[in-house]
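Remarks on the structure that follows.
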Amino acid sequence: MTSSSSTSATAGPAPAYFTAYENLAMERSASGVLTLRFHTDGGPITFTGQTHSDLPRALEAIAEDRDNQVLILTGTGDRFMTDIDGPSLGDITKPLNWDRTYAEGRRVLQRLVDLEMPIVSAVNGPASVHSEYVLLGDVVVAAESTVFSDYPHLTFGIVPGDGIQVVWEEILGFNRARHLIMTQGSFTAQQALDWGAVAEVVPQERVLERAVEIAEQLARRPQLLNRYLAVMLRQRVSRRMAEGTALGMALEGLTAADMAYRQAIG
């Protein structure tokens with residue numbers, strides 16, 4: 001489901017970046033609500049190395065476009081993100097390959113948290129890959145079917161240091177986040193609501209519609225008010241993200257390198 005006003009905020013063709021990225025579909029309402037939808041060939045996304053490279057670039061373009069008043073983040077179909085193509089990320093045990101992953105990983109979370117506009121997340125189902133993207137939203141609307149978890153990191157044998165540790169701690173609390181990350185646990189949409197991690201839980205077919213309603217309401221405010229509300233309310237997590245991903249992704253890379261060593265002596 002999409003907004004009923006899916007035309008560009010200004011006259012003329014949509015910006016080129018709307019269609020520049022294979023896993024990112026974008027459309028903007030007349031009031032400036034930009035919906036960014038993750039997908040693979042029009043269906044639920046399989047996260048790839050290309051997505052990892054494209055997302056920070058897309059967020060930079062979104063940030064620079066003043067016709068964007070509010071951003072909605074969502075997935076496709078009955079899930080937000082559950083699949084990842086590990087080999088497409090390259091050989092992360094090699095320093096030069098990890099250097100690219102390190103840079104892109106730090107940029108995407110920092111650019112998202114520093115985005116100077118409200119972010120409304122429409123979590124349309126399970127989020128076991130990069131749940132931190134949607135949990136960073138200023139307003140998070142989750143489908144009843146949503147389960148949040150972190151499948152890839154411990155499954156691959158690497159430290160989850162790319163920002164998820166910062167986001168989960170901020171929204172869940174120190175002890176709960178440590179417990180869930182350490183044990184590779186999960187939490188439901190209803191638990192997230194009870195813990196204050198999401199704003200609303202609605203039926204799956206209603207999640208994007210509700211997110212659009214909220215985003216359109218926010219878009220009626222003056223742009224500068226929205227911009228600086230976003231800056232002010234995310235100031236703490238922005239600082240923590242800068243520190244957390246610098247160390248976290250270095251440690252993630254170290255554990256990735258250890259994978260090759262363990263395989264060599266195994």
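Source: prediction; values computed, not measured.
Between the side chains of Thr76 and Arg37, at least one donor-acceptor pair of N or O atoms lies under 3.5 Å. For the 3.5 Å distance criterion, the side chains of Ser149 and Gln184 fail to qualify, holding no donor opposite an acceptor. Glu104 and Ser53 form a side-chain donor-acceptor contact under 3.5 Å, judged by distance and modelled atom types alone.
Considering only heavy atoms from C-beta on, Leu229 comes within 4.5 Å of Arg221 through its side chain. In this structure the side chain of Ile72 reaches within 4.5 angstrom of the side chain of Leu208, judged on heavy atoms. The side-chain heavy atoms of Leu172 and Trp195, taken from C-beta on, include a pair separated by under 4.5 Å. Under the 4.5 Å side-chain criterion, counting only non-hydrogen atoms from C-beta, Val141 is not in contact with Val198. Between Leu115 and Arg234, the closest side-chain pair of non-hydrogen atoms falls below 4.5 Å. For the pair Arg57/Tyr21, a side-chain contact is recorded, criterion being any heavy-atom separation below 4.5 Å from C-beta on. Pro152 has its side chain within reach of Val129: a pair of non-hydrogen atoms, C-beta onward, lies under 4.5 Å apart. Looking at Asn226 and Gln223, their side chains never come closer than 4.5 Å, going by heavy atoms from C-beta outward.
Between Arg66 and Glu116, none of the side-chain N atoms (NZ, or NE/NH1/NH2) sits under 4.0 Å from a carboxylate O, so this pair counts as no salt bridge.
Judged by distance alone, the side chain of Ser186 and the main-chain N or O of Phe148 form no donor-acceptor pair under 3.5 Å. Proximity of a side-chain donor or acceptor of Thr155 to a complementary backbone N or O of Tyr151 within less than 3.5 Å is detected. The main-chain N or O of Gly105 is never found under 3.5 Å from a side-chain atom of Asp162 such that the two would form a donor-acceptor pair. Panel note: side chain Glu200, backbone Arg210; no donor-acceptor pair is recorded below 3.5 Å. Distance alone, capped at 3.5 Å, is enough to place a donor-acceptor pair between the Gln110 side chain and the Ala242 backbone. Within the 3.5 Å criterion, the main-chain N or O of Pro56 finds a donor-acceptor partner in the side chain of Arg111. Thr40 contributes a side-chain N or O that, together with a main-chain N or O of Thr46, makes up a donor-acceptor pair within less than 3.5 Å. Of the possible donor and acceptor atoms, none in the side chain of Ser131 sits under 3.5 Å from a partner among the backbone N and O of Ser128.
Scanning all heavy atoms of the two residues, the minimum distance from Val159 to Glu252 falls at O-CG, 3.0 Å. Counting all heavy atoms, side chain and backbone alike, Trp168 lies closest to Ile181 at CE3-CG1, 3.6 Å. Considering all non-hydrogen atoms of both residues, Ala189 and Val201 come closest at O-CG2, 3.5 Å. Here the closest heavy-atom approach between residue Asn97 and residue Gly90 is recorded as ND2-C, 4.5 Å.
Around atom CG of Leu225, more than 12 heavy atoms belonging to other residues, nucleotides or ligands sit under 6.0 Å away. Within a 6.0 Å sphere centred on CZ of Arg107, heavy atoms belonging to other residues, nucleotides or ligands number 12 at most.
Atoms CE and CG, from Met241 and Leu109 in turn, are 4.5 Å apart once rounded to the nearest 0.5 Å. We find the CG-CD1 distance between Asp85 and Ile45 to be 11.0 Å, quoted to the nearest 0.5 Å. Note that the CD atom of Glu213 and the CG atom of Leu218 stand 12.0 Å from one another [nearest 0.5 Å].
Taking the six-membered ring where the residue is Trp, Tyr133 and Phe38 present parallel rings, their angle staying beneath 30° rather than reaching 60°. Ring geometry for His130 against His52 counts as tilted: the plane angle lies between 30° and 60°, on a 0 to 90° scale.
Figure legend: Arg178 and Phe174 shown as a cation-pi pair, the cationic atom lying under 6.0 angstrom from the six-membered ring centre and within 45 degrees of its axis.
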